[in-house]
Amino acid sequence: QVQPVESGGGSVQAGGSLRLSCAASQYAYCSYDMNWYRQAPEKEREFVSAVHTDGSASYADSVKGRFTISQDNAKNTVYLQMNSLKPEDTAMYYCKIDWHGGYCRFRAMSYWGQGTRVTVSS
């Protein structure tokens, strides 16, 4: 699918782990950057992590060392492994896909998923 679909959210205790997935369909001549954002109640949406077309990854300082982003290009799926979860990680997690490619019909277009909820209890 052009629009990504998130899964893997849930409720865990502090110190626990979750793995989020963000999946999209593969299209001819298209590549992508996949970004994770989160939004806590009454807070602005913030960047969490991203994996880029060159394979590089980036992380917000707040999650660095605890979260790991990875990709399965064959499935057009990106994973966010979240370890040592803290209550402040509680949020709706959204993935955003940025399509690239000179012949990609979605070039320069971005699509947000509907989000998956993560709740971390104290």
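This structure is a prediction, so every number in the text was calculated from the model and none was measured. Note that the numbering runs from 1 along the sequence shown for the chain.
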Open item on the list: Using the rule given for side-chain contact (heavy atoms from CB on, under 4.5 Å), can you reason through Tyr59 versus Val48, listing the C-alpha separation, both sets of side-chain angles and the distance that settles it, and then say yes or no?
Closed with: CA-CA 6 Å; Tyr59 300 92; Val48 176; over 6 Å; no
Open item on the list: Within the supplied structure, the quantity of interest is the number of heavy atoms (other residues, nucleotides, ligands) at a distance under 6.0 Å from Gln39 CD; does it exceed 12?
Closed with: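 Above 12, so yes.
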Counterpart residues, side-chain contact (heavy atoms from CB on, under 4.5 Å), relative to [X] (two or more places apart):
X	result
Ser58	Phe47, Ala50, His52
Val118	Leu18, Leu20, Met82, Tyr93, Val120
Ser17	Gln81, Asn83

With a 4.5 Å limit on heavy-atom distance, are the side chains of [X] and [Y] in contact?
X	Y	value
His100	Asp33	yes
Ser7	Thr116	no
Ser70	Val51	no

- [ ] Classify the angle between the aromatic ring planes of Phe106 and Tyr111 as parallel (below 30°), tilted (30 to 60°) or perpendicular (above 60°).
- [x]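 Rings of Phe106 and Tyr111: perpendicular, as their planes differ by over 60°.
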[X] to [Y] - nearest heavy-atom pair and separation:
X	Y	answer
Trp112	Gln3	O-NE2, 2.7 Å
Asp89	Ser84	OD2-O, 4.4 Å
Pro4	Cys95	CB-SG, 3.4 Å
Val78	Trp36	CG1-NE1, 4.0 Å
Asn76	Ala24	CB-O, 2.8 Å
Gly115	Glu6	N-OE1, 2.9 Å

I need the [X] [atom1] to [Y] [atom2] distance, nearest 0.5 Å.
X	Y	atom1	atom2	answer
Ser21	Lys75	OG	NZ	9.0 Å
Tyr94	Tyr37	OH	OH	13.5 Å
Ser49	Met34	OG	CE	11.5 Å
Tyr103	Cys30	OH	SG	13.0 Å

Task: Shared hydrophobic cluster for Met109 and Tyr27 (ILVMFWY, side-chain gaps under 4.5 Å) - done: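 Per the 4.5 Å side-chain linkage, Met109 and Tyr27 are co-clustered.
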- [ ] Give every residue pair that meets the salt bridge (Lys or Arg N to Asp or Glu O under 4.0 Å) criterion with at least one member in residues 39-55, sequence neighbours excluded.
- [x]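 Of all non-adjacent pairs touching residues 39-55, those that pass salt bridge (Lys or Arg N to Asp or Glu O under 4.0 Å) are Arg38-Glu46.
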- [ ] Only pairs at least two apart or in different chains count here, so list each salt bridge (Lys or Arg N to Asp or Glu O under 4.0 Å) that has a residue in residues 98-118.
- [x]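 Sorted result for residues 98-118: Lys96-Asp98.
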Open item on the list: Using the salt bridge (charged side-chain N to carboxylate O under 4.0 Å, His left out) criterion, which residues pair with Asp61? Sequence neighbours excluded.
Closed with: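 Expected list: Lys64.
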